[in-house]
Amino acid sequence: LAVLLLLEVILRIFGGTDAPNLFVPVGSPRADGSVRMVTEPRYAGQWIAPQEFLNPAPKETTRIWVMGGSTAYGIHYAPMATIPRWLDLMLKEVVPDGKFEILNVGSPGAGLKKIADWQPEVLSYNPDMLIILTGHNEFIHENILMPDILKSGPIASTYRFLNNNRALFRALRSLYKTWATRRARLEWREIAMDGIEKPLLTEAQRALQIERSTKLVAQISARANDAS
């Protein structure tokens, strides 16, 4: 017990398990007070496209953020062929004198939960428009990362409490997610090779996930409305 308490104190002091911000400041503030922001190195390339911007945005610049999963990220496509990039080209063609900046916060495998977690930071940058492209990861994300026993019931409530309030628990959970994700990828390869369609969720789990997704959509929408 003493060892666990010591680890908890160390993790809380150094913040090693807290999810980092998507973007971090680099260098000193400019003459106009703006700060150069870049993609957090732990995210860059693998989870978020490397990019940079000034915070706050330059005057007369319309800044649009795109959030979502792998479709928004542009997985399997070159950076110049992603949805945000096409949007940028279309806007420049339609409004040639306009100043637009498109930032991409698409992340492979991201569902509404991750978008809801990241949305407050994105809104803190005062976007002129926020586009959310999602809905296709809702029935696989929690299933491949979480055992059934942690999805509902009293144990799930305890899990959520510990996850929100204990640094050590979050560290162990992060390790489990890494292992579970790798296992899930192997299972998907086996399914693809065998040509077998395996249901990922029972009807009860599907109904619960729909309920959770509906609540997350309402939360995301409310935040966006409050920020507008």
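For reference, positions follow the sequence shown, starting with 1.
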Tell me if a side-chain donor or acceptor on [X] pairs with a main-chain N or O of [Y] at a distance below 3.5 Å.
X	Y	answer
Gln51	Ala49	yes
Ser107	Trp47	yes
Ser34	Arg30	no
Ser221	Val217	yes
Ser124	Glu121	yes

(request) State plainly whether the residues Asp117 and Lys114 are in salt-bridge range, i.e. N to O under 4.0 Å. (result)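 So Asp117 does not pair with Lys114 through a salt bridge.
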(request) State whether Arg63 and Glu101 are salt-bridged, where the test is any N-O pair (Lys NZ or Arg NE/NH1/NH2 against Asp/Glu carboxylate O) under 4.0 Å. (result)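 A salt bridge is present here (some side-chain N lies under 4.0 Å from a carboxylate O).
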(request) Compare every heavy atom of Pro25 with every heavy atom of Val35, then report the nearest pair and how far apart it is. (result) CG1-CB, 3.6 Å
(message) Quick one, Leu103 and Ile64 - any side-chain contact, counting heavy atoms below 4.5 Å?
(response)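 No, every pair of side-chain atoms sits at 4.5 Å or beyond.
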(request) Please examine the side chains of Lys92 and Asp88, heavy atoms only from C-beta on, and report whether any two atoms are closer than 4.5 Å. (result)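 The answer is yes; the side chains approach within 4.5 Å.
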(request) Show your working on salt bridge (charged side-chain N to carboxylate O under 4.0 Å, His left out) between Arg223 and Asp226 and close with a plain yes or no. (result) CA-CA 5 Å; Arg223 284 178 182 166; Asp226 291 342; over 6 Å; no
(request) Please check if the distance between the ring centroids of Phe23 and Tyr43 is under 6.0 Å. (result)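 Centroid distance Phe23-Tyr43: not below 6.0 Å, so no.
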(request) Please test Glu40 against Asn21 for side-chain contact (heavy atoms from CB on, under 4.5 Å), starting from the C-alpha separation and ending with a verdict. (result) CA-CA 7 Å; Glu40 215 285 342; Asn21 287 337; 5.5 Å; no
(request) Quickly, which of Val105, Ile131, Asn104 forms a side-chain contact (heavy atoms from CB on, under 4.5 Å) with Met67? Name it, please. (result)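 When side-chain contact (heavy atoms from CB on, under 4.5 Å) is applied between Met67 and each of Val105, Ile131, Asn104, only Val105 qualifies.
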(message) Quick check for you: to the nearest 0.5 Å, what is the distance between Thr134 atom OG1 and Lys113 atom NZ?
(response)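 Output value for this atom pair is 13.0 Å.
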